Amino acid sequence: MSEQQQQAYNPQAIEEKWQERWQAAGIDVASDAEDDTRETYYCLEMFPYPSGNLHMGHVRNYCLGDAVARYKRMHGFNVLHPIGWDAFGLPAENAAIKHGRPPAEWTYGNIAQMREQLKRLGLSYDWSREIATCKPEYYRWEQWMFTKLMEKGLAYRKEAEVNWCDPCHTVLANEQVVDGVCWRCDTPVKKKNLAQWFIRITDYAEELLNDLDKLSEWPEKVVGMQRNWIGKSAGAEVSFKVQDSDETLDIFTTRPDTLMGVTYMAVAAGHPLAKQAAENNPELAEFLEACAVMSTKEADVATMEKKGMALGINAIHPVSGELVPVWVANFVLMSYGTGAVMSVPAHDERDYDFAKKYGLNIKQVIKSESADWDISDAAFTEAGILVDSDAFDGLASVKAKKVITAWLAEHDKGEERIQYRLRDWLVSRQRYWGTPIPVIHCQDCGIVAVPEEQLPVVLPEHLQPTGGVSPLAECQEFVNVDCPTCGKAAKRETDTFDTFMESSWYMNRFTSARCETDMVDAKAMQKWAPVDQYIGGVEHAVLHLLYARFYHKLMRDVGLFDAEQVSSEPFKSLLTQGMVLLDGTKMSKSKGNTVDPKDIIEKYGADTARLFTLFAAPPERDLEWHDSGVEGASRFLNRVWVLLEKVGQTYQGSADAKATKALRRVIHAHIQKVTHAFEQGFAFNVAIASMMELSNALGAFEACDAQGVAVFDEGVNALITMLSPLVPHFASECGERLGFETVAVMSAWPKVDTSALVQDEISLVVQIQGKKRGEILVSPDVSQDDAFAAAQADESIAKWLEGMAIVKVILVKGRLLNIVVRPA
RNA sequence: GCCGGGAUGGCGGAACUGGUAGACGCAAGGGACUUAAAAUCCCUCGAAAGCAAUUUCGUGCGGGUUCGACUCCCGCUCCCGGUACCA
């Protein structure tokens, strides 16, 4: 042993050294070379917002991704593992107001700082592809895309109700409205109608829904959340005439089969009919006011009492011509469907409760096919057979839906309709620190898209937000522009894009991050897309992941890549990691329960931090932070470090040929187990546990001959190699000590020698009535009869067979023998 | 309310396709080394009974299927996410 080898494990000394070597060797760079025939693998973690400091959630996210990327490289893949910065957003503006410096300065400073922190962790990113979304060379393509969408009619402008804060002079996002007041100045938020930009995601609702079926490697939970979010329901739109009026009352229903059971109508408080009726009815007006207030989201909304008032007008049933009263009800939402419903109390629980409360008629028109149902107890909401429905009597619900809808269509009183909950994507924000919307307002020409040759519309970076109106709107050199169509003086749009826009396509941009001629290079897309493994927090299950899926399809339809060659989904496999907790609650600055990754790295080194975060919990589950657990991870690395000193050593006595063979079996059993753990959803915690077992087995082994030394060496090599995607600096240093020819991180993954797994003799569990009663040593391919004979010969088992008749004997090969008996 | 997911020692968590429940780690207790401490190493560690060999019970609760159930089926309880009173 040289002196160097006997030194203690000192992470600080080795980590920097290896980071430099890796960088010099360029091991992290994804190869675009056409003659590179390696299979590609694209591993991506959700890129961070550059808040200035890495927190434990980041550390966990990026350690997971790095382990995946390194593992795949070791299997011979050409791995794309990029990183960038989701650099636009409100926190930069807030920091700017607080510090009196422009958001750009703050943002770029934070990026520099966080880049160093990521590098300190030894994450194997291809830095040559680094992007920051606040740079014109990035967002110019987003602007270009938007003008394409305008051409296709997929981007449009319309009035929309937004949350407005007067003192701040800005629109607020929903999450910035806390209990109805502005999060920053506590002023009650107003609803205001403003012209806003939208993208027609609803045109893609059906594809977004159907393609969810392709996402077999996504957590079911996320798929389910997206399915609910899209919220497809099939039914019919039915038109009711209003008595003594030319107006009609249109409703959407999923149960047209219950049409004949309609006994009243219910409209939302915001419905024109309700407003109209309230004009000379103060009591009703008051009720509508109350409803408007109630609609603000509260925890007790769910338990809210169902209330309503008659409007004093009637609707005419489209089939029977009967009059049904129109009510206003607090549970009908203006924002869904038509803001009105037909009420069938006999077959809808909510309508039933409402009818009971206000003494409205209940008319049963569906009867159960099996049991009797007493309609005076509760609504019958299932499908059944139609009764008391004139011409439709005797039809089954499913058939009746079609027949009745067809009848309505024929008589011009309704039609089949698919309703989605999904709304078009509101993409404009009245903020400064974002991508300028590439549009010009001209008095003569109206709204004009900025022509391609004038892109990008560069955001001036020197402006200083004050918390009031966006400084962009007051920046004359930005606002004043010539109309691209007529050349007259015109004004630029001063709204910027929602930052979800940038994060919706960055994964594709990474395939050709430096491409200057296109948003993405079609060839690069073909080579790398889609992302094979995407890793990030479950909080993005709906918005980001839905927008990204949508945007990917938009890029396809704009012709940016070959729809035949590139998947229509951007992320093949998704891993949603759990949160990092301290004392059972999420680590957060506001709670003051954070652990700074910097401190951990300084004290234990990056590898220990990595090992602990990977070992302490399965990736998708929450991880409880324990300092003692970190100690444990550190101890393990130290034990392995010391273990290396035993390489080449022989000891007196103990380990004979049999023990050597047994060790070799253990080594290969663990290679198999670790590999399996990696392949099964990246169960790093299980993989590490298995490596710890291997380490323990090696630690207990003392070679006494050349054979023993060789097998021990084999075991240590396998252990270090398998550790390398998880603790790369440590493994590299160990690899160097062991004289590996290539850096450990690039070495090929160990292969299982199945012949080493074969045993001459195994211990077979013997059960009586399914309960373990003993073990016998037998050949692995022992016959049932021989095993049974051996079991009978075993004293501790035989005593359970005394006075018993053998009913059945079951042998599970290599595992157990179960003997079923009964008293003789 | 509805839709997902989950419940295994003091704790985090293992357990291939139904086949030895509790791997691995943490904590705890005991011991070795040390003047002492730290570090390190060794032993014990689901519950109950027993000097012991050993036995019984045990994977949220109640049933079921099976030679055999943490695993499959039916019915509950509780916890955690998501959400839309969605017609």
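Residue numbering restarts at 1 for every chain, and letters A, B, ... go by the order of the sequence lines. Here the structure is a predicted model, which means the values were calculated and not measured.
Within the 3.5 Å criterion, the main-chain N or O of A/Gly578 finds a donor-acceptor partner in the side chain of A/Arg60. Judged by distance alone, the side chain of A/Glu761 and the main-chain N or O of A/Leu777 form no donor-acceptor pair under 3.5 Å.
Nucleotides B/G12 and B/G22 are separated by 13 Å at their C1' atoms, to the nearest Å. To the nearest whole angstrom, the two P atoms, one in B/G46 and one in B/A23, are 8 Å apart. Going from the C1' atom of B/G29 to that of B/U65 covers 44 Å, rounded to whole Å. Distance noted for atom C1' between B/G13 and B/A27: 14 Å (whole Å). As rounded to the nearest Å, B/G58 and B/C70 have P atoms that lie 10 Å from one another. With both ends at atom P, the span from B/U71 to B/U8 equals 14 Å, rounded to whole Å. Rounded to whole Å, the C1' atom of B/A14 lies 24 Å from the corresponding atom of B/G81. Between B/A53 and B/G5, the distance separating the two C1' atoms is 46 Å to the nearest Å.
Under a 4.0 Å N-O distance rule, the pair A/Lys232/A/Glu206 qualifies as a salt bridge.
Here B/C2 presents its P atom at 14 Å from CG of A/Asp348, a figure rounded to the nearest Å. Here B/G19 presents its C1' atom at 16 Å from CZ of A/Arg773, a figure rounded to the nearest Å. Here B/G81 presents its P atom at 17 Å from CD of A/Gln577, a figure rounded to the nearest Å. In this structure, CD of A/Gln419 is placed 9 Å from P of B/A87, rounded to the nearest angstrom. As a whole-Å value, the separation of A/Ile797 CD1 from B/U20 C1' is 13 Å. Straight-line distance from the NE2 atom of A/His540 to the P atom of B/G82: 13 Å, rounded to whole Å. We find that CG of A/Leu623 is positioned 20 Å from P of B/C80, with the value rounded to whole Å. Straight-line distance from the CH2 atom of A/Trp641 to the C1' atom of B/C41: 21 Å, rounded to whole Å.
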**Prompt:** Can you give one letter per nucleotide of nucleotides 24-32 of chain B, 5' to 3': B if a protein heavy atom sits under 4.0 Å from the base, S if only from the sugar-phosphate, - if neither?
**Reply:** BSSS-----
**Letter per nucleotide, 5' to 3', of nucleotides 63-70 of chain B [B base touched, S only sugar-phosphate touched, - untouched; heavy atoms, 4.0 Å]** = ----B---
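Where RNA chain B pairs in unbroken runs of 3 or more (Watson-Crick or G-U, both distances under 3.5 Å), the stems are B:1-7 with B:77-83, B:10-12 with B:24-26, B:28-32 with B:40-44, B:46-49 with B:54-57, B:60-64 with B:72-76.
Closest to the side chain of A/Leu816, out of B/G81, B/G19, B/A14, is B/G19. Listed nucleotides: B/G13, B/C57, B/U83. Nearest to the side chain of A/Asn685: B/G13. Listed nucleotides B/G82, B/C16, B/A87 differ in distance to A/Met225; the shortest reach to its side chain belongs to B/G82. When each of B/U83, B/G13, B/A87 is scored by its nearest atom to the side-chain atoms of A/Arg421, the top-ranked nucleotide is B/U83. Of all nucleotides listed (B/A14, B/U20, B/A87), B/A14 comes nearest to the side chain of A/Pro618.
Distance CD1/A/Ile688 to OG/A/Ser695: 12.5 Å, rounded to 0.5 Å. Going from atom CG of A/Leu546 over to atom CD of A/Gln226 covers 4.5 Å, rounded to the nearest 0.5 Å.
Between A/Thr338 and B/A87 there is no side-chain polar atom (N or O) within less than 4.0 angstrom of OP1 or OP2. A sub-4.0 Å separation between OP1 or OP2 of B/U83 and a side-chain N or O of A/Lys221 is absent. The side chain of A/Arg621 places no N or O atom within less than 4.0 Å of a non-bridging phosphate oxygen (OP1 or OP2) of B/G81.
In plain terms, the two heavy atoms of A/Ala687 and A/Val674 that are nearest each other are O-CG2, 3.8 Å.
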**Message:** Under the criterion side chain to side chain contact (heavy atoms under 4.5 Å, CB included), I'd like the reasoning laid out for A/Thr254 against A/Gln419: C-alpha separation, chi angles, the key distance, then a yes or no.
**Reply:** CA-CA 9 Å; A/Thr254 55; A/Gln419 179 75 34; over 6 Å; no
**Message:** One pair to check against side-chain hydrogen bond (donor to acceptor under 3.5 Å, both in side chains): A/Glu775 and A/Ser763. What are the steps and the verdict?
**Reply:** CA-CA 6 Å; A/Glu775 288 178 34; A/Ser763 138; 2.5 Å; yes
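A parallel orientation is assigned to the rings of A/Phe354 and A/Tyr264, their planes being inclined by less than 30° (bins at 30° and 60°). The aromatic rings of A/Trp641 and A/Phe730 sit tilted relative to each other, their planes meeting at an angle between 30° and 60°.
Counted by atom type alone, A/Ser233 and A/Tyr336 present one or more donor-acceptor pairs between their side chains at under 3.5 Å.
Using a 4.0 Å heavy-atom distance criterion, A/Trp625 is classed as making no nucleic acid contact. When heavy atoms are screened at a 4.0 angstrom cut-off, A/Val332 is found touching base atoms of the nucleic acid.
A/Met342 has its side chain within reach of A/Thr258: a pair of non-hydrogen atoms, C-beta onward, lies under 4.5 Å apart.
Sequence order on RNA chain B of the closest nucleotides to A/Lys799 and A/Gln680 puts A/Gln680 first from the 5' end. The nearest heavy atom of RNA chain B to A/Asp351 and to A/Val222 marks one nucleotide each, and the one closer to the 5' end goes with A/Val222.
If you run side chain to side chain contact (heavy atoms under 4.5 Å, CB included) between A/Leu623 and each of A/Val580, A/Leu582, A/Leu581, only A/Val580 comes through.
Its glycosidic angle being more than 90° from 0, B/G62 falls on the anti side.
Taking the six-membered ring for Trp and the full ring otherwise, the centers of A/Phe500 and A/Trp425 sit at least 6.0 Å from each other.
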